[in-house]
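All remarks here apply to the structure that follows.
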Amino acid sequence: MYRGKNKFTSIIIVLALTLIIYLIINVFKHTDVYIVYRAGMGTFVFAGLIITTIVVLYIKGSSFSKRR
């Protein structure tokens, strides 16, 4: 069973790594002595946009590989 390679795999990996690095930096930046994570709305909007972009590119790439 051959599955075609997703056309956007490299972009998805870069976006996922960017999201992970951003969240790790944000956690360290906003961590208090009591290890309390405080995040503003910007963090959730930024993370949501990256996750949505990853999902859209994955679906778009999957449908592209099925057409070939």
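Residue numbers count from 1 along this sequence. Everything numeric here is computed off the predicted structure, so don't read it as measured data.
Shown here for Leu15 and Ile50, the closest heavy-atom pair between the two residues is O-CG2, 3.6 Å. The two residues Leu57 and Phe8 make their nearest non-hydrogen contact at O-CD1, 3.3 Å.
Hydrophobic side-chain contacts under 4.5 Å tie Ile13 into a cluster, directly or through other members, with Leu17.
Summarising the geometry, atom CZ belonging to Phe46 is positioned 8.5 Å from atom CG belonging to Leu23; distances are rounded to the nearest 0.5 Å. For the atom pair CG (Leu19) and OG1 (Thr53), the distance works out to 10.5 Å, reported to the nearest 0.5 Å.
The side-chain contact (heavy atoms from CB on, under 4.5 Å) with Ile24 is formed by just one residue from the set Ile20, Asn26, Val27; it is Ile20.
Hydrophobic cluster membership is shared by Ile51 and Ile12, with clusters built from Ile, Leu, Val, Met, Phe, Trp and Tyr side chains linked at under 4.5 angstrom. Hydrophobic clustering (side-chain heavy atoms under 4.5 Å, transitive across Ile, Leu, Val, Met, Phe, Trp, Tyr) keeps Val14 apart from Tyr22.
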